[in-house]
Amino acid sequence: ILVESCGNGPAGTNPKKDLPPMPAYLEQLSTTCPWSFYRVSVDLAPQFFSVVYNLNRALPFLKFDGSKPLSRPGCWAYPDMLMVGVSVPRHSGHAPHDPNLLDYRQWESHFAMWAITSSPLILGFDLTNETLLKTTWPIIANEEMLAISQVWRGHPGRLVANASVYKVVDASHGSPGTQFTTESLPSWQAWAKPVANGGVALLVVKVWEEDGEGISDAPPSPSSLSWTLGELFQAPTEEGRAPPTTVKVRDVLHHTNNGTATDKITVDLDAIPERGAVFLLLTPATASTASGDGVEVSTNLVSLQQHDFP
C-alpha cells in the first residue's frame, strides 16, 4: 500500500507552501511519518526553472548534519511528479506562453535530479502515446539512474555546491503553467548521493548559461569545477568507510567508463549545455562488483501516474 500526503500536514501547516517548513510538520515526519512519501513543494510545471525550484524545496528534508535525514526509506520527500514527457502546459486549449518549456535534454536533467535525491519517480505523461513513450524510454528506463535512485546507503542525497552567480527568473508552477513566482536561482548546482560498494553518484546541472548575466557581484563561474574525493565521500553511509584515494568514473547518461580519478574529480562546466547535466558514478578503484558499475539494479522502480489530460 502506498500513501502520499498530497500536501496534507498537521493543523496549521501548509506543506506545499510553508517556507521554511513548519516545526510541527518536521516533528511529525521525524516521528510517526504516516505517509510513504510526502509533498515538500507547490505543484510542478513543465518548465526547467520550476523543476529546479521544486527540487530545492526538498533541501530541509535532505539535511546533512549527522542526524537522521527526514527523507528516508518508507518516508520520502516528494517534490511532485515528474514532468518527463510533458512539454506543454495544460492551458485548456490556449497556446503556451512560456519560452522555457521542457525538451528532451531538460527531461533527462530533471529525471537525474530526482534520482540523485531519492525523490519518488512518478511519471505523468500520456502513456498511451507510443511515440512519446519511445522518445522518453532512454531516460525513464536508464537502469543506472534507476539504481542510483533506488539504492539506500544512509542518506537520500545532498546539495554539494551552488554557483556564486544567481539570476532572477520567472518560475512557473502547476500543470496549467499559468502561475509564476520570481525566484533567484544559481547558474549551476552539484548534488551527490552515497551508493553501493562505497561509491558516490555526482550530478552537476547547468541551470542557465551565465553569458555575463547574474545579479550578484561574484566573479563568473570557472570553466571547470573540482571537488576532492574527501568532499564528495563525506556523507554518512551504512558502511562507514573512509574516502577512497582513487575512483573509477562511470558516465551514467552515456553509459561509458571514463577511466579513473585520483584525489579529486573535475567536471568541465563549459562543456555542459544550458539545462544539461553531467551524471557520474564514482566507485572506489578497489571495489569489486558483479556488474562493474557500483550500483544495484532493482525492479519496479518507476511508478506510473497520468495527468488529467484535456
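Partners of Val278 under the side-chain contact (heavy atoms from CB on, under 4.5 Å) rule, at least two apart in sequence or in another chain, are Val267, Ile272, Leu280. Scanning for side chain to side chain donor-acceptor pair (under 3.5 Å) contacts around Ser223 gives an empty result, with sequence neighbours left out. Trp114 is linked by a ring-ring contact (aromatic ring centres under 6.0 Å, His included) to His110, counting only residues two or more places apart in sequence or in another chain. Partners of Asp43 by side chain to side chain donor-acceptor pair (under 3.5 Å), not counting sequence neighbours, listed by chain and number: Lys16, Arg39. Contacts of Tyr166 classified as ring-ring contact (aromatic ring centres under 6.0 Å, His included), with partners at least two apart in sequence or in another chain: none. The side-chain contact (heavy atoms from CB on, under 4.5 Å) search around Ser71 returns Tyr38, Leu62, Trp76, Ala77, Pro156, not counting sequence neighbours. Listed by chain and number, the residues in a side-chain contact (heavy atoms from CB on, under 4.5 Å) with Ala24 are Pro10, Thr13 (sequence neighbours excluded). Residues meeting the side chain to side chain donor-acceptor pair (under 3.5 Å) test with Lys206, sequence neighbours left out: Glu209. In this view, Thr245 satisfies the side chain to side chain donor-acceptor pair (under 3.5 Å) rule with no residue, not counting sequence neighbours. With sequence neighbours excluded, the residues that form a side-chain contact (heavy atoms from CB on, under 4.5 Å) with Ala161 are Trp188, Trp227. For Cys6, there are no disulfide (SG to SG under 2.5 Å) partners two or more places apart in sequence or in a different chain.
Gln189 and Asn56 are linked by a side-chain donor-acceptor pair at a separation below 3.5 angstrom, with hydrogens and angles left out of the test.
Every pair tested for salt bridge (charged side-chain N to carboxylate O under 4.0 Å, His left out) that includes a residue from residues 17-36 fails, sequence neighbours excluded, so the list is empty.
Side-chain atoms of Ser226 do not come within 3.5 Å of backbone N or O of Thr266 as any donor-acceptor pair.
Phe279 has its ring centre no less than 6.0 Å from the ring centre of His254.
In this structure, the side chains of Tyr78 and Ser5 stay at 4.5 Å or more apart for every pair of heavy atoms.
Between Glu231 and Lys264 there is no salt bridge, since no side-chain N of the basic residue sits under 4.0 Å from a carboxylate O of the acidic one.
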